[in-house]
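Please read the structure below before turning to the comments.
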Amino acid sequence: MIAAPQRLSGWGGVAVESCRVARIAARGRVAEMIAQDFPTGQLIGRGLGRAYGDSALLPDGIVTDCTGLDRFIAFDAESGLLTCEAGVSFADIIKVFLPRGWFLPTTPGTKFVTVGGAIAADVHGKNHHRVGSFGNFVEWIDLLVADGSVVRCSRSAEPELFFATLGGMGLTGLILAAAFRLVKVETASVRVRYRKTPDLMATLAAFEAGDAGCEHSVAWIDCMAGGAALGRSVVMQGSPATRAEVASRGDPLQLPVRRAKAVPFTPPLSLLSPLTVKAFNATFYGLHADIEKLVGIDSFFYPLDAVRHWNRLYGPRGFVQYQAFFPRAESVAGLPRLLDAVVRSGAASFLAVLKSCGEADGGLLSYLEPGHTLALDIPYHPRSVPDLCRRLDRILLDHGGRLYLAKDSLMSAETFRAMYPRMDEFLTVKRRVDPEGRFVSAQARRVGLAS
Ligand SMILES: Cc1cc2nc3c(=O)[nH]c(=O)nc-3n(C[C@H](O)[C@H](O)[C@H](O)COP(=O)(O)OP(=O)(O)OC[C@H]3O[C@@H](n4cnc5c(N)ncnc54)[C@H](O)[C@@H]3O)c2cc1C
């Protein structure tokens, strides 16, 4: 039942641990299996391993692979309420429900995440400014807690546990199943307006001017451009396309077939050097024109999914994603400081993404509130990147910002405490349902969330 230790990492490949993995497949038997096979040890849930750092790693406990919990349980075609097991992936949901005219209410930049992982990180998409995080659409969660019981928590039943579990990174228990709302779509396309902006202030102004009128909004930022071009971007603002708009294109709910490419192995060195990234960024920026067009849901929401294992391009050292949130009042001052520090460091950040954010959803450790979030991929080097991240952390702290646990690999306990003011509320709930601290991850130990 529990496999021999294996090397396991997050998506960024920086944190690597030797972990024992238990794969669970029947939610009715999970409690019994845990009681039998590891009655006292520590454990942590894992989905598809798309968190970048060590949040689904546990070197001396059991990593519980939940991807075998992959059953749909019920769907209400009136309200869009889907009930399913926690290992169902967003890709599975799209495959089954998009042809019937339903889509995810919000989605991260990859569809290879599980429902359990999406709830545990309280993920957000390009529409946070309009709808907030995934948690806003979750009606209830079935959670296996440390004493072996399954608790159904929601906004009305066990609300403290519900809001600790949304964004709680698996530390309150194992999510076995959940019910959440899908939204209706007429087509599998998005009508997107692309606009180039010459600098950061113009990018923020484009968000300000266009966000209210569109469902999805994101800017790709050229993080290799400094000086007057600091923050130059391609802003993409879109809304679900109507049937009338795609009338001549066959079945409007059919996704175009994309031939999956793959990076077959990890090259001995990162292929993303400052030179290659600079050339890519300049070409990407240069090629984009100010246009409006229809784009398939796959290409708009999941451009990186077109290349399987693209993370291998970073070579054996891997990469970190630094995702920084600035509250709205601080964005204008904080974002240029952060970007400038990145440009000056020479760290080659390829595909940096900026989004505007709306209201928080009440999750005690949930990440976003009104403001902006900037995500940067940085090739890892042990001699320079931890120092750079500490410098960036200081800028973030100066402006009341925070880092995203789902992307973090390096944050210290002190920094975490300063960034997450509801940490103690979270720990109070955790201690109530998990007094012996059975649910823990390598990340939780590092940032001080292992009670
Ligand atoms: C290319 C890419 C783009 C991304 N874009 C975004 C984005 O735009 N917005 C965003 O919010 N995130 C984004 N992410 C991050 C991703 O959405 C989250 O890390 C998500 O949690 C991954 O889900 P997973 O199933 O892979 O979970 P894992 O990575 O396996 O685990 C993540 C966390 O969830 C917990 N967990 C998983 N399953 C369970 C369970 N059944 N019960 C309890 N805890 C569980 C784990 O313990 C861990 O703490 C992106 C990631 C990638 C690789």
Side-chain angles (χ1 to χ4, degrees), residues 105-109 124-133 136 183 185 187 189-242 244-245 281-282 284-297 299-301 303 323-340 342-343 349 351-361 367-376 399-401:
T106 187
T107 174
H124 58 272
K126 297 173 173 63
N127 56 352
H128 195 278
H129 64 290
R130 288 285 278 262
V131 305
S133 301
N136 274 329
V183 293
V185 287
T187 73
S189 299
V190 184
R191 184 175 22 83
V192 186
R193 180 171 177 218
Y194 294 78
R195 192 194 318 172
K196 276 204 290 205
T197 53
D199 57 33
L200 183 64
M201 290 310 132
T203 307
L204 293 176
F207 279 159
E208 206 59 42
D211 277 1
C214 72
E215 177 75 20
H216 305 287
S217 177
V218 63
W220 167 84
I221 293 202
D222 180 356
C223 275
M224 301 299 281
L230 187 78
R232 72 177 182 178
S233 305
V234 178
V235 178
M236 306 166 206
Q237 288 169 318
S239 291
T242 61
E245 284 169 324
N281 284 9
F284 188 87
Y285 184 77
L287 282 181
H288 269 89
D290 290 0
I291 52 164
E292 188 167 310
K293 63 177 179 182
L294 290 177
V295 183
I297 273 176
S299 309
F300 182 68
F301 291 108
Q323 184 165 353
F325 162 78
F326 288 96
R328 187 169 298 285
E330 295 293 325
S331 299
V332 168
L335 277 168
R337 278 186 71 196
L338 193 97
L339 271 174
D340 190 52
V342 173
V343 173
S349 183
L351 286 176
V353 168
L354 183 69
K355 296 176 199 153
S356 45
C357 323
E359 294 304 319
D361 66 3
Y367 173 54
L368 294 177
E369 52 190 90
H372 295 90
T373 180
L374 173 69
L376 309 156
H399 295 279

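Values reported hereafter were calculated over all heavy atoms of this structure, with side chains retained and with hydrogens, waters and symmetry mates removed.
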Minimum heavy-atom separation for Pro370 and Ala360, please, with both atom names. CD-N, 4.4 Å
Taking Asp290 for its side chain and Lys196 for its backbone only, find out whether a donor-acceptor pair lies under 3.5 Å. yes
Check whether more than 12 heavy atoms from other residues, nucleotides or ligands sit under 6.0 Å from atom CZ of Arg337, and answer yes or no. yes
First locate atom CD of Glu215, then atom NZ of Lys126, and finally report the distance between them rounded to the nearest 0.5 Å. 12.5 Å
So, does Thr373 use its side chain to make a donor-acceptor pair with the main chain of Ala324 at under 3.5 Å? yes
Just by distance, do the side chain of His129 and the backbone of Cys214 share a donor-acceptor pair under 3.5 Å? yes
For the OG atom of Ser331 and the CE atom of Met201, what is their distance to the nearest 0.5 Å? 9.0 Å
Start with the C-alpha gap between Leu335 and Leu204, add the side-chain angles, then the distance that decides, and say whether side chain to side chain contact (heavy atoms under 4.5 Å, CB included) holds. CA-CA 10 Å; Leu335 277 168; Leu204 293 176; 4.0 Å; yes
Nearest heavy-atom contact between Ala202 and Thr197 is O-CG2, 3.7 Å
Distance from Thr187 atom OG1 to Ile297 atom CD1, nearest 0.5 Å? 6.5 Å
Quick one: does Glu245's side chain have a donor or acceptor within less than 3.5 Å of a partner on Thr242's backbone? yes
Between Leu294 and Ala241, the two heavy atoms sitting closest are CD2-CB, 3.7 Å
Arg232 CZ to Ile221 CD1 distance, which is reported to the nearest 0.5 Å: 11.5 Å
So, taking the atom named OG1 in Thr203 and the one named CG in Leu230, what distance separates them when rounded to the nearest 0.5 Å? 9.5 Å
Would the distance check show the side chain of Gln237 and the main-chain N or O of Ala206 forming a donor-acceptor pair, the cut-off being under 3.5 Å? yes
I need the minimum non-hydrogen distance between Leu376 and Cys223, along with the two atoms involved. CD2-SG, 3.2 Å
Measure the spacing between CZ of Phe300 and CE of Met236 and express it to the nearest 0.5 Å. 7.5 Å
Over all heavy atoms of both residues, which pair between Lys355 and Gly125 is shortest? Give the atoms and the distance, please. CD-O, 3.6 Å
If we only count heavy atoms from C-beta on, is the Leu354 to Ser233 side-chain gap below 4.5 Å? no
Write down the atom of Pro105, the atom of Asn127, and the distance for their closest heavy-atom approach. O-ND2, 2.9 Å
Are any side-chain N or O atoms of Arg130 and backbone N or O atoms of Ala212, one a donor and one an acceptor, separated by less than 3.5 Å? yes
Side chains of His372 and Arg328, heavy atoms from C-beta outward: is any pair under 4.5 Å? yes
Would you sort out whether His128 and Ser133 count as a side-chain hydrogen bond (donor to acceptor under 3.5 Å, both in side chains), showing the intermediate values? CA-CA 6 Å; His128 195 278; Ser133 301; 3.1 Å; yes
Any Phe326 side-chain heavy atom under 4.5 Å of Leu374 side chain: no
Side chain to side chain contact (heavy atoms under 4.5 Å, CB included) between Val131 and Val183, intermediate numbers included: CA-CA 12 Å; Val131 305; Val183 293; over 6 Å; no
With under 30° as parallel and over 60° as perpendicular, where do the rings of Tyr367 and His124 fit, or are they tilted in between? tilted
